[in-house]
Asker: 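Provided herewith is a single structure, encoded as structure tokens, for subsequent inquiry.
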Amino acid sequence: MYQNSERFLTAFNRIEKMLRALLIHKKDVGFSKAVKILRNSNALVREYSDDLLEFAELRNAIVHNKLDMTHAIAEPHDAIVERIEEIEIELNEPKRVTPLFSRQVLCYQSNDPLNQLLTIIHEKQLSKFPIYQGDTYKGLLTQKGITNWLASKKQEESFAKSSCQLEEILPFEKQDNSRFIHYGMTIYEAIEIFKEHTSKGRRLEALLITKNGKPSKQLLGMITAWDILEIS
């Protein structure tokens, strides 16, 4: 039966090897330095950087206080060992946006009637719809955009009976409220995209997933701001 210190050091050494593999230059730097370098560009390392730096201190305590090759004075608690092993697994095989957020996304053409979309909103409680003109992505239509359009028509008595097309409503939607990402992106990178836009005062409504992150490819799924709140 392995002692906790042995399990901890095994996981630590594997993580250190992974960090060195991620470094393009300076592969000879220490563990803590590698974490501090990589967290500036790697969302996954940044997510766990505080834990990793604490692990580095604990590792030093274990190694420096070893009485011999089979006994260590500093013996990590079970929770610490389980935590570093979980992080090792995540660093080795990070969760990605697919298949986690793979789903059938209801898309509409720009010349589709508003009534058709309103029926779906009522029946399925959906709120975000990618709009295309042929194969060209035109924008993401949300309930807020529809509300803005309705507000602009409040003085027109006949607007509710009109056969309004979705392309007439898109100009009332916030511009750049969506972004395309590739299916292999990690969930940590996706979270950071939402955070980055929010910090700049440009709230994203959704990330749209395609195989290569291009709007011209088939939609494989969608991540909304609410999805991010549930996993972050």
Side-chain angles (χ1 to χ4, degrees), residues 36-50 90 94-112 114 117-118 120-121 124-154 164-232:
K36 292 175 182 178
I37 292 173
L38 289 169
R39 69 183 178 185
N40 293 322
S41 59
N42 188 295
L44 187 54
V45 174
R46 184 158 47 249
E47 174 71 18
Y48 294 116
S49 62
D50 290 341
E90 188 63 17
K95 297 182 183 69
R96 301 189 181 277
V97 296
T98 56
L100 186 59
F101 294 104
S102 296
R103 67 179 84 169
Q104 182 180 8
V105 182
L106 286 179
C107 303
Y108 288 86
Q109 288 293 311
S110 59
N111 59 355
D112 285 336
L114 172 61
L117 188 144
L118 292 177
I120 294 297
I121 292 177
K124 298 191 175 183
Q125 303 298 307
L126 299 177
S127 62
K128 296 172 178 58
F129 306 91
I131 307 300
Y132 289 80
Q133 187 173 46
D135 294 329
T136 303
Y137 179 70
K138 302 301 291 184
L140 185 74
L141 190 60
T142 69
Q143 287 186 2
K144 185 175 181 180
I146 296 172
T147 300
N148 290 338
W149 175 80
L150 288 171
S152 74
K153 300 292 184 179
K154 64 181 179 179
C164 171
Q165 295 181 344
L166 299 182
E167 61 187 350
E168 299 176 47
I169 306 174
L170 271 177
F172 293 87
E173 190 63 68
K174 182 180 178 181
Q175 298 299 309
D176 300 323
N177 64 351
S178 61
R179 178 172 165 179
F180 281 83
I181 61 173
H182 66 87
Y183 78 118
M185 179 176 287
T186 68
I187 61 173
Y188 306 100
E189 292 172 302
I191 290 172
E192 292 212 334
I193 291 175
F194 276 98
K195 289 181 177 179
E196 178 185 356
H197 281 72
T198 300
S199 68
K200 296 179 180 179
R202 300 181 305 183
R203 173 184 166 88
L204 272 181
E205 293 292 343
L207 295 177
L208 303 173
I209 305 169
T210 62
K211 187 172 183 179
N212 61 359
K214 302 296 184 182
S216 57
K217 297 299 182 180
Q218 178 184 358
L219 275 178
L220 303 176
M222 179 168 64
I223 310 174
T224 68
W226 285 110
D227 292 326
I228 292 299
L229 289 175
E230 291 180 357
I231 63 175
S232 60

Asker: Begin with the C-alpha distance, continue with both residues' side-chain angles, and end with the deciding distance and a verdict on side-chain contact (heavy atoms from CB on, under 4.5 Å) for Phe129 and Ile120.
Answerer: CA-CA 10 Å; Phe129 306 91; Ile120 294 297; 4.0 Å; yes
Asker: Can you measure from CD (Glu205) to CG (Asp176) and round to the nearest 0.5 angstrom?
Answerer: 12.5 Å
Asker: With a 4.5 Å heavy-atom cut-off, do Glu47 and Glu90 have their side chains touching?
Answerer: no
Asker: Is Arg96 reaching over with its side chain to a backbone N or O of Tyr183, donor-acceptor style, under 3.5 angstrom?
Answerer: no
Asker: Go through the steps for Lys144 and Asn177 under the test side-chain contact (heavy atoms from CB on, under 4.5 Å), then give the verdict.
Answerer: CA-CA 11 Å; Lys144 185 175 181 180; Asn177 64 351; over 6 Å; no
Asker: Return the set of residues passing side chain to side chain donor-acceptor pair (under 3.5 Å) with Ser110 (not counting sequence neighbours), or none when no residue passes.
Answerer: none
Asker: Under a plain distance cut-off of 3.5 Å, with no hydrogens placed, do Thr136 and Gln133 share a side-chain donor-acceptor pair?
Answerer: no
Asker: What verdict does the side-chain contact (heavy atoms from CB on, under 4.5 Å) test give for Ile146 and Leu117, after you've listed the backbone C-alpha separation in whole Å, the side-chain angles of each residue and the deciding distance to 0.1 Å?
Answerer: CA-CA 10 Å; Ile146 296 172; Leu117 188 144; 3.5 Å; yes
Asker: So, using ring pair (Phe, Tyr, Trp, His ring centres under 6.0 Å) as the criterion, who are the partners of Phe194 when residues are at least two apart?
Answerer: none
Asker: Supply the atom-to-atom distance Leu140 CG to Cys107 SG, rounded to the nearest 0.5 angstrom.
Answerer: 9.5 Å
Asker: Please find the pair of heavy atoms, one from Val45 and one from Asn42, that lie closest to each other, and give the distance.
Answerer: N-OD1, 2.9 Å
Asker: Roughly how far apart are Thr210 OG1 and Leu219 CG, rounded to 0.5 Å?
Answerer: 7.0 Å
Asker: To the nearest 0.5 Å, tell me how far Phe101 CZ sits from Ile228 CD1.
Answerer: 5.5 Å
Asker: Using the test side chain to side chain donor-acceptor pair (under 3.5 Å), find all partners of Tyr137 that sit at least two apart in sequence or belong to another chain.
Answerer: Ser178
Asker: Would you check if the side chain of Gln143 reaches a backbone N or O of Lys128 as a donor-acceptor pair within less than 3.5 Å?
Answerer: no
Asker: What distance do Asn212 atom CG and Ile181 atom CD1 have between them, rounded to the nearest 0.5 Å?
Answerer: 12.0 Å
Asker: Over all heavy atoms of both residues, which pair between Ile209 and His182 is shortest? Give the atoms and the distance, please.
Answerer: CG2-C, 4.3 Å
Asker: Quick one: do Asp112 and Gln109 satisfy side-chain contact (heavy atoms from CB on, under 4.5 Å)? Show the steps, please.
Answerer: CA-CA 5 Å; Asp112 285 336; Gln109 288 293 311; 3.6 Å; yes
Asker: Heavy-atom count check: over 12 atoms from other residues, nucleotides or ligands less than 6.0 Å from Asp135 CG?
Answerer: no
Asker: What distance separates Leu114 CG from Leu150 CG, expressed to the nearest 0.5 Å?
Answerer: 7.0 Å
Asker: Measure the shortest side-chain to side-chain distance between Lys138 and Leu166 over non-hydrogen atoms and say whether it is less than 4.5 angstrom.
Answerer: no
Asker: In terms of side-chain geometry, is the basic nitrogen of Arg46 or Glu192 positioned less than 4.0 Å from the acidic oxygen of its partner?
Answerer: yes
